[in-house]
Number of protein chains: 2
Amino acid sequence: MQIEARRHVATAARKQAILEGALACFAELGVEATTIDDIRRRADASVGSIYHHFGSKEGVAAALYLEGIRDYQAGLAAAVEKARNARAAVRAIVLFHLDWAMQNTALARYLLEMRRAETTKSVDEEIRDANRDVFQRLAKRLEVFVARGDIADLPRELYAPLIVGPTQEVVRAWLTGRINVDLRKLRDSLAEAAWKSLQTGQQTT
Amino acid sequence: MQIEARRHVATAARKQAILEGALACFAELGVEATTIDDIRRRADASVGSIYHHFGSKEGVAAALYLEGIRDYQAGLAAAVEKARNARAAVRAIVLFHLDWAMQNTALARYLLEMRRAETTKSVDEEIRDANRDVFQRLAKRLEVFVARGDIADLPRELYAPLIVGPTQEVVRAWLTGRINVDLRKLRDSLAEAAWKSLQTGQQTT
DNA sequence: ACGCTACTAGAATAGTATTCTAGAATCAAA
DNA sequence: TTTGATTCTAGAATACTATTCTAGTAGCGT
């Protein structure tokens with residue numbers, strides 16, 4: 001009902017506005033350089049409001065991070081779901097990674113910048129939870145492919161790095177402006193290379 | 001002669017002490033959380049001294065970054081130099097990357113944390129210069145291998161990501177404590193996978 | 001209508017990076 | 001060896017920014 005919603009709607013909107021303002025600032029100035037006041041101005045909110053909702057600058061950063069991760073993971077899961085075999089799955093992951101970065105440049109840049117700093121405990125746990133959900137599902141599909149001999153049987157820690165590592169490195173370079181190509185031109189090569197790296201090797205010394 | 005050196009030696013020592021103190025603090029508390037005062041105490045220096053030599057906290061960070069990059073690059077160049085063929089070169093890069101991270105944990109963790117933030121212009125240029133030197137040399141060797149057909153002919157931007165991307169991702173996970181294996185056990189798999197990803201593909205649809 | 005709670009605002013506080021001023025140590029030149 | 005310049009060190013003063021605090025305001029259920 002619209003009765004119970006009035007305030008909630010307003011405050012949810014404000015919360016979102018703060019996040020969006022923060023993202024804009026972070027993308028433009030970098031996280032460390034943006035001040036609470038920058039965010040306040042951009043989101044047209046008050047200091048009190050920001051602190052009420054997020055507790056600290058780091059809290060804002062953490063919430064934004066979580067939002068980004070969630071969006072990424074949801075998209076990734078959906079993309080992989082559709083794949084009918086190992087090769088298609090690997091390809092889907094690589095392509096999705098590239099596409100997501102291209103379509104969410106600001107957010108991607110931000111996630112990249114934050115990827116290190118352990119955020120607040122609570123948020124950190126939420127992230128861990130989200131990760132568990134998505135990655136356990138992926139891991140299960142993987143096991144099937146391994147058992148079937150579609151891809152090599154490697155230490156489990158290696159699959160994610162092998163599949164997205166190179167792509168991630170390219171995206172990083174692109175986001176930071178170190179390279180300036182059209183990422184779409186690299187899609188096929190990256191997908192193909194990831195797939196090759198997972199094949200069981202017939203030693204070509 | 002020892003005549004001209006007295007002060008220079010002393011101040012060089014102090015500079016180094018500041019860098020070492022900073023690294024210790026950064027590794028222990030994270031870059032953002034360490035204060036100038038932390039560094040001052042640890043290095044047994046004064047605020048004035050730090051600012052005289054480095055200009056700002058960011059200046060300290062940048063100098064440290066540069067030092068780390070230089071050490072890494074020098075080692076990398078040396079390691080690749082010895083390789084006699086394409087396969088050995090790829091393997092050398094992967095192994096060196098792993099070994100360096102294991103032997104310079106604090107520095108590696110720091111470089112990882114900094115890898116984003118554009119530092120001061122001047123330092124940034126120095127880094128670019130250093131990169132050019134090392135990477136142009138590597139690029140030349142690469143071209144030979146490509147011409148000879150030892151490795152696939154791909155967009156040039158892809159070689160570095162394909163060779164070190166997965167390894168870099170593993171190292172990152174290890175440094176941040178996300179995984180907890182003995183990296184040495186992954187050496188061969190990573191080297192092998194990198195090599196496979198560079199082979200020209202006989203499509204195995 | 002009334003109290004309660006969630007929310008907003010902005011002033012006050014606290015903590016940290018940076019600047020400034022003064023002085024000490026070294027050096028090169030006469 | 002003295003002198004003036006220069007580099008370096010010190011720590012106090014300043015300026016900026018995150019955070020806390022106090023005082024409201026407005027929706028909501030009763």
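This structure is a prediction, so every number in the text was calculated from the model and none was measured. Residue numbers start from 1 in every chain, and the chains themselves are labelled A, B, ... in the order their sequence lines are given, proteins ahead of strands.
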Atom CZ of B:Arg14 and atom P of C:dA24 are separated, to the nearest Å, by 16 Å

Contact check, residues 35-47 of chain B vs DNA chain C, heavy-atom distance under 4.0 Å, returns B:Thr35, B:Ile36, B:Val47

So the ring-ring contact (aromatic ring centres under 6.0 Å, His included) pairs with at least one residue in residues 13-32 of chain A (sequence neighbours excluded) are A:Phe26-A:Tyr110

Residue pairs meeting side chain to side chain donor-acceptor pair (under 3.5 Å), one or both in residues 45-55 of chain A, sequence neighbours left out, come to none

Hits for salt bridge (Lys or Arg N to Asp or Glu O under 4.0 Å) against A:Arg184, two or more places apart or cross-chain, chain-then-number order -> A:Asp182

Residue pairs meeting side chain to side chain donor-acceptor pair (under 3.5 Å), one or both in residues 153-166 of chain B, sequence neighbours left out, come to B:Glu143-B:Arg156, B:Asp153-B:Arg156

From NE2 of A:His52 across to C1' of D:dG24 the rounded distance in Å is 14 Å

Separation of C:dG10 atom P from A:Ile50 atom CD1, nearest Å, is 12 Å

When rounded to whole Å, the CD to C1' distance for the pair B:Glu32 and D:dA18 reads 11 Å

Can you give me every donor-acceptor pair (side chain of residues 161-173 of chain A, partner residue at least two apart or in another chain, under 3.5 Å) with its distance?
from	atom 1	to	atom 2	distance (Å)
A:Gln168	OE1	A:His97	NE2	2.8
A:Glu169	OE2	B:Arg115	NH2	3.1

To the nearest angstrom, the CD-P distance between B:Glu58 and C:dA17 comes to 13 Å

Between the CG atom in A:Leu107 and the CD1 atom in A:Ile69, the distance rounded to the nearest 0.5 Å is 9.0 Å

When rounded to whole Å, the NZ to P distance for the pair A:Lys57 and D:dT20 reads 15 Å

B:Tyr51 OH to D:dT14 P, in whole Å, measures 17 Å

